[in-house]
Amino acid sequence: MNDRILLCLCHLSGREKDFIDQAFAENWVVPLGPNVNGFEKDLEDFFIHNKDIRIADGEKTEFEKKRIVALSSGTAAIHLGLIALGVGPGDEVMVQSFTFSASANPVTYLGATPVFVDSEPSTWDMDPDLLDKAIADRIEKTGKKPKAIIPVYLYGMPAKIKEIFEVARKWDIPVLEDAAEAFGSFYDGRPCGTFGEYGVLSFNGNKMITTSGGGALICPDETAAKLVTSYATQSREPFPWYQHERVGFNYRLSNICAGIGRGQMTIAGDHIAHHRHVQQLYRELLADVKGIELHDNPSPESDSNFWLCAITFAPELKIKGDDGCGRPEAMRRYLDSRNIESRHLWKPMHLQPFFANCPAYVNGVSEDLFSRGLCLPAGPYVGEPEVRRVVDAIKECIV
Ligand SMILES: *Cc1c(COP(=O)(O)O)cnc(C)c1O
């Protein structure tokens with residue numbers, strides 16, 4: 001049997017251990033220290049102080065004020081971002097329905113309600129027109145404006161950012177970007193995660209880069225970053241004793257995990273290039289497979305990191321072993337029998353039992369994609385032989 005091809009394994013540069021060893025040698029085995037500071041600086045160099053970023057002259061000053069705070073997870077980053085935006089009990093937050101549950105869960109931690117908005121078919125991300133209608137309807141129904149908008153960049157694909165921000169500006173509602181899957185994705189020459197008031201990154205084990213577990217919040221300026229850091233470290237006030245004037249959390253990234261992050265940042269560029277290369281291989285090898293469509297950049301502004309490769313099936317396509325389980329599940333089982341890991345697309349939040357009572361504005365797009373799509377492996381250990389194996393297996397299971 002061939003080796004198992006996994007969806008997205010992490011890939012270490014070899015430098016990680018140096019940073020960790022240093023933390024041990026200097027006794028910085030705590031959730032602060034030189035690796036945390038160093039990792040934040042590396043992230044800021046990548047996302048903000050980077051000559052390759054295209055930014056209009058008029059926006060430069062504001063853009064360069066941004067700061068990044070390293071946290072224990074992407075979920076923690078969403079939680080603190082919402083707190084920084086003043087979300088509290090009884091509030092509503094507009095959340096993309098087609099996503100991983102971590103985009104919506106922190107809204108409920110705050111006693112607020114996620115209001116789900118469906119996707120549009122070209123990016124698979126939040127539909128700006130539907131968002132606009134949904135906001136108008138929420139205001140009419142509740143008499144209150146939603147407190148924030150959370151668009152998500154699924155599998156690294158940038159949303160219709162320009163249109164979403166036009167809607168956000170029209171209603172004067174801040175945007176918290178969930179860029180957890182979009183490390184290294186760009187839209188119109190600017191990194192995803194740097195458009196909104198706040199931007200969320202994740203460094204969980206299978207994301208574009210890893211700290212084993214971790215995340216970060218891109219903040220608008222130093223003042224906001226200081227507030228977020230304070231919340232993340234139990235909101236200790238500067239007194240000789242332990243003084244607290246706000247609720248606090250234990251959400252700071254550990255200095256050990258940040259050491260892994262610093263090692264990862266030495267190869268982040270190669271890593272992203274590899275995912276784009278894998279997508280190109282799939283593009284070539286799937287080009288003549290009838291009935292399989294690759295989810296690809298839909299516009300010239302869009303430059304996905306292609307964290308995972310996602311495909312959809314044409315209506316007439318039939319898959320072996322579809323005994324009523326549905327085509328994605330039939331293909332997933334077949335690939336699994338060929339020792340290849342694949343994954344269903346995210347099941348939309350408005351279909352999840354936990355969120356059944358939340359308001360939802362749907363147009364059928366995410367349900368349709370969920371019923372006929374699949375994610376294929378695209379990690380660092382996937383090269384041309386592996387992509388060939390995956391594509392061959394896909395061909396075998398098409399009837
Ligand atoms: C992974 C992920 C998160 C959460 O990140 P963690 O670091 O795992 O907490 C949030 N949103 C999306 C879309 C994700 O894929």
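Each residue takes its place number in the sequence, starting with 1. The shown structure was predicted, so the numbers you read here are calculated from the model rather than taken from an experiment. When a ligand or atom number is given, it counts from 1 through the structure's own listing order.
- Ile173 belongs to a hydrophobic cluster with Met94, Val115, Val117, Met126, Leu130, Leu131, Ile135, Ile139, Ile149, Tyr153, Ile161, Ile164, Phe165, Val167, Trp171, Val175, Tyr187, Phe195, Tyr361, counting contacts under 4.5 Å between side-chain heavy atoms of Ile, Leu, Val, Met, Phe, Trp and Tyr, direct or through other members.
- With salt bridges taken as basic N to acidic carboxylate O contacts below 4.0 Å, none links Asp336 and Arg333.
- Partners of Asp45 according to the side chain to side chain donor-acceptor pair (under 3.5 Å) rule, which considers only residues two or more places apart in sequence or in another chain, are Lys41.
- Note on residues 70-81: pairs passing side-chain hydrogen bond (donor to acceptor under 3.5 Å, both in side chains), not counting sequence neighbours, are His79-Tyr251.
- Using a 4.0 Å cut-off between charged side-chain N and carboxylate O, Asp57 and Lys60 make a salt bridge.
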Please step through salt bridge (Lys or Arg N to Asp or Glu O under 4.0 Å) for the pair Lys347 and Glu367, ending with a clear verdict.
-> CA-CA 8 Å; Lys347 181 172 177 177; Glu367 289 179 39; over 6 Å; no
As a test of reading the model: which N/O atoms of the protein lie under 3.5 Å from N/O atoms of ligand 1, and at what distance?
| residue | atom | partner | partner atom | Å |
| --- | --- | --- | --- | --- |
| ligand 1 | 5 (O) | Ser202 | OG | 3.3 |
| ligand 1 | 7 (O) | Gly74 | N | 2.7 |
| ligand 1 | 7 (O) | Ser202 | OG | 2.7 |
| ligand 1 | 8 (O) | Asn204 | ND2 | 2.9 |
| ligand 1 | 9 (O) | Gly74 | N | 3.3 |
| ligand 1 | 9 (O) | Thr75 | N | 2.9 |
| ligand 1 | 9 (O) | Thr75 | OG1 | 2.5 |
| ligand 1 | 11 (N) | Asp178 | OD1 | 3.3 |
| ligand 1 | 11 (N) | Asp178 | OD2 | 2.7 |
| ligand 1 | 15 (O) | Glu181 | OE2 | 2.6 |
| ligand 1 | 15 (O) | Lys207 | NZ | 3.1 |

